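Here is the structure we will look at, set down as structure tokens.
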Amino acid sequence: MPPAVPSSVAVVIDPGDDAVHTHTALAAHHPPSGRITLHPGPGSTSETGLAHDLLAALGKPPLLPGRFPAGRQPAWEAATAWITALPVTRLTVLRAHRLTARRTMRLLQMRALTGIHLTLVCHRPHLPAALHQALQTADYCVTADFQAARRHYYGTTAPVPSPAAESARPADRWLTLSVLDRLVSYDSPAPCTAPCTPPPITFRHRPPPTPLTEQTARKVARRLAAVTAHPRLAAALAAALFTGASFQQLATARPGDYDDAAAALALHDRARYTDGCASHRVPPWARVFLKAAVCFARLAPGQGQHLLAGPHDRTHLLRVAEAARMRPTQPPVGQRTGPVGRIQWGWRERKEAQCYDTMLTRHQLPPSS
């Protein structure tokens, strides 16, 4: 994926720290329209803290679940991946006069990778030394005119109020999705070590997953977007919902297995535990998650070569699904085991296996006397 052409950087001078600048920039914040306003938390000067603030501005939890090399969360990589995949074109950063040179450089590097229009609002009469130093590497313009500043905050799009009925947080109501019944299946597909271009999926040993209705797909996409900042985990759960694949098979996908132009995802199974290596069509609602996962894999190669999930991600993936209030088919009340309220993963598959074992036992020949 070639880097986007860098867009311009604008510096807004607000010498009197006028509240109208802050209020106007905050009012412009509307991610569905492509506008993000970042108001960095006070008291923090760390680069990771700024990335967490940016993830929060994108509507995501700031922390990424999982284990990471050297204990460093790839928060900047995740934020960059989401901005690349989402229709976000403008980022306004308030209190830019408080940014360290390193934090400003991080923003400039992300701008160069994503092509986002970056506006830095300096609530001082002059640029502080740290900001001036960092901007020496950028092509930027400076304005103190409020109307010009407003155009930078909004771009050419008209203000769009956030709909009151659409909450970004996962709803309390559970979505019981039979397509998740096999997520913790016991099959053991292996990834391909040689180049593999699999054909479209032909379901030979299991019925094809039932496509989500348009209404359910909207709910799923909204919940996935809000429940985790980890592009791989969000993409893995999205893939499970349109492929019906197990966690083990999701782990066979590599970054090159998603073809954005064809909207196709390849999953591998060279031993043919299920349907062999096959390509799955990616529905429109899921493509943003796959795009973010591909970008994240490119930016954070130290996270392994997995596109969707790694060997240690199973528990984290299940917790993401539960946090999004999505679960597989649950046993009837009288057949539930374990603590009340705990989601039972794999119940349907265990039930089918027990029925199969019972059938085999009944058809066995009686022992010879």
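Below, each value reflects all heavy atoms present in this structure, side chains not excepted, and no hydrogens, waters or symmetry copies. Note that this is a predicted model, so its numbers are computed, not measured.
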Verdict with reasoning, L318 to V184, per side-chain contact (heavy atoms from CB on, under 4.5 Å): CA-CA 9 Å; L318 299 186; V184 294; 4.0 Å; yes
CD/E214: more than 12 non-hydrogen atoms of other groups inside 6.0 Å: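 For E214, atom CD is not crowded (no more than 12 foreign heavy atoms under 6.0 Å).
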R95 atom CZ, over 12 foreign heavy atoms within 6.0 Å: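 Enclosed: over 12 neighbouring heavy atoms sit under 6.0 Å from CZ of R95.
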Any side-chain heavy-atom pair of [X] and [Y] under 4.5 Å:
X: C277; Y: L267; value: no
X: F247; Y: S185; value: no
X: L177; Y: R327; value: no

Do the side chain of [X] and the main chain of [Y] share a donor and acceptor less than 3.5 angstrom apart?
X: S33; Y: R35; value: no
X: T216; Y: L212; value: no
X: R223; Y: R325; value: yes
X: H280; Y: T243; value: no
X: Q330; Y: P328; value: yes
X: T315; Y: H312; value: no
X: D14; Y: D18; value: yes
X: H132; Y: L127; value: no
X: H29; Y: T37; value: yes
X: R287; Y: D260; value: no

Steps toward side-chain contact (heavy atoms from CB on, under 4.5 Å) verdict (V88, W82): CA-CA 9 Å; V88 176; W82 287 118; over 6 Å; no
Contacts of type side-chain contact (heavy atoms from CB on, under 4.5 Å), residue A321, not counting sequence neighbours: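 Checked A321 against side-chain contact (heavy atoms from CB on, under 4.5 Å); matches are L237, W345.
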From L38, T22, L120, residue fulfilling side-chain contact (heavy atoms from CB on, under 4.5 Å) relative to L94: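 Answer to the side-chain contact (heavy atoms from CB on, under 4.5 Å) test with L94 among L38, T22, L120: T22.
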Linked, directly or transitively: [X] and [Y] (ILVMFWY side chains, under 4.5 Å):
X: L183; Y: F203; result: no
X: I201; Y: L241; result: no
X: L50; Y: L63; result: no
X: V142; Y: L135; result: yes

H21 ring center near F146 ring center (under 6.0 Å):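 Yes, close enough.
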Aromatic ring proximity F296/H230, centre distance under 6.0 Å: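 Ring-ring flag for F296/H230: true, centres closer than 6.0 Å.
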Non-neighbouring partners of H39 that pass ring pair (Phe, Tyr, Trp, His ring centres under 6.0 Å), sequence neighbours left out: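 Not a single residue meets the ring pair (Phe, Tyr, Trp, His ring centres under 6.0 Å) criterion with H39.
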Set of residues satisfying side-chain hydrogen bond (donor to acceptor under 3.5 Å, both in side chains) with respect to T329, sequence neighbours excluded: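 Expected list: D181.
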Check: D257/H268 side-chain N/O donor and acceptor closer than 3.5 Å: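 Distance-only check passes for D257 and H268.
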Exercise: do T24 and R150 side chains pair donor with acceptor under 3.5 Å: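 No pair is found: no donor N or O on one side chain lies under 3.5 Å from an acceptor on the other.
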Salt bridge flag under 4.0 Å for residues R206 and D275: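 Result for this pair is yes, salt bridge flagged.
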Presence of salt bridge, E47 and R102, under 4.0 angstrom: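 Looking at E47 together with R102, the answer is yes, because their closest N to O distance falls below 4.0 Å.
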Derivation and outcome, side chain to side chain donor-acceptor pair (under 3.5 Å), residues S246 and R182: CA-CA 5 Å; S246 67; R182 292 187 62 256; 4.7 Å; no
